[in-house]
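Notes follow once the structure below has been shown.
As the structure lists them, so they are numbered: ligands from 1, and atoms in each ligand from 1.
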Amino acid sequence: MIVYGPVASWRLGKSLGIDLISVDKFCSFDCIYCQLGRTEHKTIERKIFVENSQVKKELDNIHEIEADVITFSGLGEPTLARNLGFSADYARKFGLPIAILTNSSLFSREDVMEDLLKIDWIVAKLDAPDKKIFEKINRPHEKIKFDEMIEGIKEVRKKAKKFSLQMMFVKENKKYAEEMADLAREIKPDDVQINTPLRKSPVPPLSKGEIFDVEEHFHGLNTINVYSSYPPKVKPIDYEEMKRRRPE
Ligand code: SF4
């Protein structure tokens, strides 16, 4: 199945996930904290992982959903799916806002921008203030350049209806919170979601105190942090499908 959840998201509410990658983990990053494990298929090639006919069939099979938002996310980077735009158009039938959790790496591509403009709420990852920390934390595909990605983020921000920055803080970047806050001020997101890996992850999370210290650097910006937000109660359609994408 490519549809999973609804999941209880501390930042999105009740979120029905659509995973256009689904078959295996495909991503342009290999983040040190990734809950899905190492990236065996590190790629920047956009392709069809799940045929449009399957997307239509699964979405047509959903008759009642209790969700606040439909979210493109799942086993890897959703902008790698070439049918993201088609699927966003088709998901409009639910009459709910459509969001995407993305790692921002392909934002400078025109075809990706075109697809993103069909989406109401873009939640874009940024975990580093510079190339060195970016490479250490996100271990990107060799063709992804940090400065180009930042320019892409700024372009998408200008055009997006709603734009959030998601920042994951771990031991490796916590001392750069001030620089990351400065970068966030340049980007001017609607809000900044300050996260640390509380779910199963190869690296330990920062403590509540550390995350509150990080958040202080973001004064003047709207922020939410993972320790001070409470996810809603949800009833997933299929618990196993949800667990595949969100191990506990
Ligand atoms: S971008 Fe997301 S899916 Fe890809 S490696 Fe990082 S955390 Fe995992």
Query raised in the report: Is it the case that Glu155 and Ser108 place a side-chain donor and acceptor less than 3.5 Å from each other?
Result: no
Report summary line: Looking only at protein heavy atoms, what sits closest to atom 4 (Fe) of ligand 1 is Cys27 SG, 2.3 Å
**Report entry** Minimum-distance protein heavy atom relative to atom 5 (S) of ligand 1
**Finding:** Cys31 N, 3.3 Å
Requested in this report: With salt bridge (Lys or Arg N to Asp or Glu O under 4.0 Å) as the test, would you mind laying out the steps for Asp111 and Arg109 before giving the verdict?
Outcome: CA-CA 6 Å; Asp111 54 341; Arg109 288 184 55 153; 2.8 Å; yes
Query raised in the report: Going from NE2 on His217 to OH on Tyr176, what distance comes out if it is rounded to the nearest 0.5 angstrom?
Result: 13.0 Å
Query raised in the report: If you measure from each heavy atom of Lys25 to ligand 1, is any distance below 4.0 Å?
Result: yes
Query raised in the report: Taking the non-hydrogen atoms of Lys125, is any one of them nearer than 4.0 angstrom to ligand 1?
Result: yes
Query raised in the report: Going by the angle between their ring planes, with limits at 30° and 60°, are Phe26 and His41 parallel, tilted or perpendicular?
Result: parallel
Query - Sub-4.0 Å atoms of ligand 1 with respect to non-hydrogen atoms of Asn103 - result: 1 (S)
**Report entry** Metal check, atom 6 (Fe) of ligand 1 vs Cys34 N/O/S, cut-off below 2.8 Å
**Finding:** no
Query raised in the report: Less than 4.0 Å between a side-chain N and a carboxylate O, is that true for Lys136 and Asp130?
Result: no
